[in-house]
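For reference, the structure discussed in these notes is given below.
Every chain is numbered from 1 and lettered A, B, ... according to where its sequence line falls, protein lines coming before strand lines.
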2 protein chains.
Amino acid sequence: MPAQMPAIPWHKPRKADPRQPLSRSLIVDTAIRVLDAEGLAGVTMRRVAQELGTGPASLYAHVSNKEELFDLMLEQVTAEIRLPLRPEPERWKDQITEICFEAQRVLTAHRDVALVSLGSIPVGESQLRITEFLLDLLLQVGLPPQVAAWALDALGQIIDTDAYEAWVYNERLARGTDLGAYFDQLRGYLHDLPAERFPTLQRMADAMMEGDGDQRYAFKIEVFLRGLESFLPANAPTPTPPAAAPDRPGPASDDQAWHGPTGGAAGAAGAGG
Amino acid sequence: MPAQMPAIPWHKPRKADPRQPLSRSLIVDTAIRVLDAEGLAGVTMRRVAQELGTGPASLYAHVSNKEELFDLMLEQVTAEIRLPLRPEPERWKDQITEICFEAQRVLTAHRDVALVSLGSIPVGESQLRITEFLLDLLLQVGLPPQVAAWALDALGQIIDTDAYEAWVYNERLARGTDLGAYFDQLRGYLHDLPAERFPTLQRMADAMMEGDGDQRYAFKIEVFLRGLESFLPANAPTPTPPAAAPDRPGPASDDQAWHGPTGGAAGAAGAGG
DNA sequence: TCTTCTAACGAACACTGTTCTACGAGCCGA
DNA sequence: TCGGCTCGTAGAACAGTGTTCGTTAGAAGA
């Protein structure tokens with residue numbers, strides 16, 4: 001902060017500090033600053049207002065809700081996610097993996113902002129930008145349109161959920177919890193489970209604890225991409241006949257037949273991250 | 001509620017109402033009743049205490065935290081999830097799909113309780129019960145141990161996240177939002193996107209909106225299971241070499257070599273649902 | 001110069017989780 | 001039977017929260 005000039009005495013100060021006037025984007029920027037410093041729970045209307053040298057009521061002239069403010073913050077953060085120059089279908093799995101890690105990098109850089117994304121439908125410009133890129137890529141690969149469309153849904157969930165859990169993990173670390181001891185405890189707890197009721201779990205305790213967050217994240221993405229791959233027309237005769245929901249008709253394996261009209265309302269799914 | 005008998009005058013009432021004394025399980029049961037009626041946000045210490053005819057401070061003798069109360073509630077709810085009698089490896093995909101839908105049925109029956117599960121490591125008895133079953137099943141199928149272990153992680157995430165999103169969807173419905181009009185709006189919004197920036201998305205608007213929550217859920221599970229399937233030793237020469245995180249070593253495709261010591265701390269992942 | 005409009009804001013409302021402290025009933029040893 | 005002690009209970013309070021109301025003060029338009 002540069003040294004402040006003394007106020008000219010006969011200029012009665014407009015507000016106590018002649019800041020730039022309040023605006024939506026200024027509020028959002030400030031809120032993100034608070035978010036980065038203290039996490040989502042620290043972003044209160046009072047806290048943001050205080051940072052702007054005003055009261056909470058003033059914010060409501062530019063933002064109708066705390067929820068709306070959160071949405072705006074998410075959109076702003078999402079804009080930071082960089083995408084490759086163009087889709088490269090010949091290495092689509094690598095490219096998607098890279099995007100997933102880029103998204104996680106950006107999301108976790110802003111604490112637990114991913115939590116905002118979890119229940120919301122991505123309609124912001126930046127979110128659609130990512131959706132557009134991925135959708136284009138998946139179609140170029142040759143996936144059936146409906147598979148590609150629904151895959152975005154799932155991809156967004158993976159990204160958001162993992163970003164959130166990565167934050168939980170980091171938070172515990174930052175709060176001074178000795179994670180080494182914590183996980184040793186957990187491992188011991190699994191080992192000490194009654195063998196007659198939890199034989200497998202007890203035997204697999206070490207495997208359950210294996211791998212850090214990034215490895216597990218990479219695994220989830222890999223499994224998901226391999227699953228997608230099985231929907232490629234080339235792999236049409238899939239290893240096993242595709243299962244579906246217990247009673248409802250699940251996704252069939254015939255490829256182009258996907259775009260069929262079943263006429264249901266869309267689910268409340270959040271793709272795009 | 002049955003008609004209350006008048007209090008016998010010469011019996012001075014113990015507290016104003018001669019309820020059974022406070023206890024952990026009574027508090028949890030009451031909290032779940034409030035949860036079912038008003039959602040997780042409605043579960044406040046005051047609200048639960050009021051339901052028990054007492055003040056909020058009284059709860060803290062049996063429950064150290066609101067967070068702990070939430071964990072106990074989750075554990076209690078998870079206990080409702082029914083499992084098949086025994087693993088049937090020959091139809092493992094169907095069985096897992098059934099369990100996923102059973103879990104979602106129970107979770108969504110209790111509003112947004114799934115939110116509690118999202119950031120927490122599943123160590124409760126009921127959660128471990130499910131983990132034990134699934135782990136056993138996956139190993140019997142012949143999946144490499146480490147793949148099976150990490151798969152539980154991913155499965156838990158799918159279940160929790162989808163249950164939460166299903167609740168968001170149902171909530172909007174319950175709050176009187178006309179979802180038909182809402183999704184029509186959304187569809188129109190996608191259709192009206194500038195074609196030069198979002199050509200694919202615009203073209204695919206209908207496919208993006210296709211399918212209700214259950215169909216999308218079934219699709220995610222199916223993709224995941226097909227991905228898992230590709231890790232079966234029989235399928236060892238997978239269509240493409242397994243990709244990994246950009247710089248880190250991802251899961252290799254050799255099967256039994258998994259149980260290796262990489263020595264990292266476990267991630268903050270929540271499996272089990 | 002006077003009016004009109006609107007962004008800004010102080011104060012307040014109805015809440016929240018949690019803690020402190022006093023109260024009072026039940027049990028135990030004498 | 002009686003004191004003393006423990007421990008579950010609960011009222012009040014603290015420091016917060018999101019949001020709204022009614023007022024004010026500054027700028028724009030006539």
Side-chain angles (χ1 to χ4, degrees), chain A residues 7-8 10-31 34-35 37-74 112 115-116 119 171 175, chain B residues 7 10-31 34-35 37-74 112 115-116 119-120 171 175:
Chain A
I8 301 168
W10 57 91
H11 281 185
K12 62 172 179 181
R14 192 179 142 291
K15 217 36 101 181
D17 62 337
R19 260 176 233 267
Q20 41 187 320
L22 242 48
S23 75
R24 232 173 136 90
S25 70
L26 181 62
I27 291 175
V28 172
D29 288 346
T30 309
V34 176
L35 165 73
E38 311 179 21
L40 207 55
V43 181
T44 52
M45 301 304 265
R46 279 179 173 75
R47 186 77 182 73
V48 174
Q50 176 196 332
E51 205 77 6
L52 288 163
T54 179
S58 304
L59 306 182
Y60 284 85
H62 304 90
V63 157
S64 65
N65 239 340
K66 197 191 174 188
E67 195 183 324
E68 185 181 301
L69 175 59
F70 276 9
D71 284 344
L72 293 170
M73 290 164 66
L74 175 65
D112 48 345
L115 198 53
V116 178
E171 197 64 3
R175 290 206 184 171
Chain B
W10 56 90
H11 282 185
K12 63 173 180 180
R14 193 180 140 287
K15 215 37 106 182
D17 62 337
R19 261 176 233 267
Q20 42 188 319
L22 242 47
S23 76
R24 231 174 138 90
S25 70
L26 180 62
I27 291 175
V28 173
D29 287 346
T30 310
V34 176
L35 165 74
E38 311 180 20
L40 208 56
V43 181
T44 51
M45 301 305 266
R46 277 178 174 77
R47 185 78 182 71
V48 175
Q50 174 196 333
E51 205 76 4
L52 288 162
T54 179
S58 305
L59 307 181
Y60 284 85
H62 304 90
V63 158
S64 65
N65 240 341
K66 195 193 175 188
E67 194 182 324
E68 186 180 302
L69 175 57
F70 276 8
D71 284 343
L72 293 170
M73 291 164 66
L74 175 66
D112 49 344
L115 198 53
V116 178
S120 70
E171 197 64 3
R175 289 205 184 173

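- The side chain to side chain contact (heavy atoms under 4.5 Å, CB included) test applied to B:Thr30 returns B:Leu26, B:Arg33, B:Val48, B:Glu51, B:Leu52, not counting sequence neighbours.
- Distance A:His62 NE2 to C:dA7 P: 7 Å, rounded to the nearest Å.
- Atoms CZ (A:Arg24) and P (C:dA8) sit 14 Å apart, rounded to a whole Å.
- In this structure, B:Leu40 places its CG atom 11 Å from P of C:dG17, rounding to the nearest Å.
- Residue A:Leu22 contributes atom CG, which lies 17 Å from atom P of C:dT6 at whole-angstrom precision.
- Atom CZ in A:Arg47 sits 11.5 Å away from atom CG in A:Leu35 (nearest 0.5 Å).
- For the pair B:Val43 and B:Met73, the minimum side-chain heavy-atom distance is below 4.5 Å.
- Every pair passing salt bridge (charged side-chain N to carboxylate O under 4.0 Å, His left out) that includes a residue from residues 64-74 of chain A is listed here, sequence neighbours excluded: A:Arg24-A:Glu68.
- Residue A:Leu59 holds its CG atom at 12.0 Å from CG of A:Asn65, rounded to the nearest 0.5 Å.
- Looking at heavy atoms from C-beta onward, B:Leu72 lies out of side-chain contact with B:Ile27 at the 4.5 angstrom threshold.
- Look at CG on B:Leu26: it is 14 Å from C1' on D:dG8, rounded to the nearest Å.
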**Request:** For each nucleotide in nucleotides 11-21 of chain D, reading 5' to 3', give B when a protein heavy atom comes within less than 4.0 Å of its base, S when such contact involves only the sugar-phosphate, and - otherwise.
**Result:** B-B---BBBBB

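- Rounded to whole Å, atom C1' of C:dT16 lies 14 Å from atom CG of B:Leu59.
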